[in-house]
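Written below as structure tokens is the structure these notes are about.
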Amino acid sequence: MGRSPCCERAHTNKGAWTKEEDDRLIAYIRAHGEGCWRSLPKAAGLLRCGKSCRLRWINYLRPDLKRGNFTEEEDELIIKLHSLLGNKWSLIAGKLPGRTDNEIKNYWNTHIRKKLLGMGVDPATHRPIHDSAATITAVSVGRTEEKAAGFGREQERSGEEETSARRQNHRQPKCPDLNLELSISPPFHQAPLHPI
DNA sequence: AAACCCACCAACCGCGATACA
DNA sequence: GTGTATCGCGGTTGGTGGGTT
């Protein structure tokens, strides 16, 4: 038996969220807290599946999200963590207060990948592209001209070098507590956390 | 001014992990 | 111990806006 869909597709909205939907979701979570995503949409009066609500809250509506440009410090930390953890975006996000795994994943794919490629570093292995012997672990790089390499979307897409490897890596057991001691302290003028 | 291209990012999809009956 | 429901993660897609031709 195949996996049942997470929701009744016929009666759920999809695509971009409206302001009204956002407001309903925020109001509901303020009143009842997070959790039980399955039953949340009905209780909150939303025609969305729980999965969609969870994503919207975690990636966009949560009050403690930082948003805005990544700092140079965050860039470096992401690169270091990725060299240690690979595509474990949720673990990486855990070390960057106010950032989500989705945001970091997007940022990696659109900016950092290109930056590393432009520097001649393989973003998958963190090794120089033309010198597989050396390993770069502590990459200390400036915010170089991101367009320098001029890698287009096609190249990005065709660069599925590790697709199958990814699938195999997929669902490794949770990393043991690496205690990497890598994290970013909150920005000097961090926006106050809005209580919900 | 219009058409096209490209980069970005929000949102979706599929699947493994986990919880629970 | 087994089956089912739900959660959470990572990969991928598609809409949109800005830049270029």
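Sequence lines set the chain letters: A, B, ... in the order given, protein chains first and strands last, and positions in each chain run from 1.
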Any residue meeting side chain to side chain donor-acceptor pair (under 3.5 Å) with A:R99, in chain and number order, not counting sequence neighbours: A:E74, A:E103
Sugar-phosphate only, base, or nothing, as touched by A:R56 at under 4.0 Å among non-hydrogen atoms: sugar-phosphate
Nucleotide C:dC9, atom C1' - distance to CD1 of A:I104 in whole Å: 13 Å
Proximal nucleotide (of C:dG10, B:dC8, C:dC7) relative to the A:W37 side chain: C:dC7
side-chain contact (heavy atoms from CB on, under 4.5 Å) partner of A:E21, the single match among A:T18, A:D23, A:L25: A:T18
For atom CG of A:L55 and atom C1' of C:dT12, their distance in whole Å: 13 Å
Closest to side chain of A:K105, choosing from C:dC9, C:dC7, C:dT12: C:dT12
Candidate nucleotides B:dA10, C:dG8, B:dC8, ranked by approach to the side chain of A:N106 - the nearest: B:dA10
Separation of atom CG in A:L40 from atom P in C:dA5, rounded to whole Å: 20 Å
Length of the line joining A:N59:CG and C:dT13:P, which is rounded to integer Å: 19 Å
Residue pair A:I112 / A:D75: nearest heavy atoms and the distance that separates them: CD1-O, 4.4 Å
Euclidean distance, atom CG of residue A:L91 to atom C1' of C:dC9 [Å, nearest integer]: 10 Å
Interatomic distance, A:N109 CG vs B:dC6 P [rounded to whole Å]: 18 Å
Among C:dG10, C:dT6, B:dG14, the one nearest A:N87 by side-chain distance: C:dG10
Sugar-phosphate only, base, or nothing, as touched by A:N102 at under 4.0 Å among non-hydrogen atoms: base
Under 4.0 angstrom between A:S90 side-chain N/O and C:dG8 OP1 or OP2: no
Quiz item: A:K51 side-chain donor-acceptor pair to B:dG14 base, under 3.5 Å: yes
Listed nucleotide nearest any side-chain atom of A:R38, set B:dC9, C:dG10, C:dC7: C:dC7
Nearest listed nucleotide, side chain of A:R54, among C:dG8, C:dT12, B:dC8: C:dG8
Under-4.0 Å side-chain N/O to phosphate OP1/OP2 contact, A:R48 with B:dC12: yes
Rounded distance in Å - CH2 (A:W17) to C1' (B:dC12): 13 Å
Contacts of type side chain to side chain donor-acceptor pair (under 3.5 Å), residue A:W17, not counting sequence neighbours: A:S52
C:dG10 base / A:K88 side chain donor-acceptor hit below 3.5 Å: no
Mutual orientation of the aromatic rings belonging to A:W108 and A:W89 [parallel < 30°, tilted 30-60°, perpendicular > 60°]: tilted
Aromatic plane relationship, A:Y107 with A:F70 - under 30° parallel, 30 to 60° tilted, over 60° perpendicular: parallel
Residue A:H111, side-chain atoms from C-beta onward, closest of B:dA11, B:dC8, C:dG10: B:dC8
Atom pair distance, as rounded to whole Å: CH2 in A:W89 and P in B:dG16: 21 Å
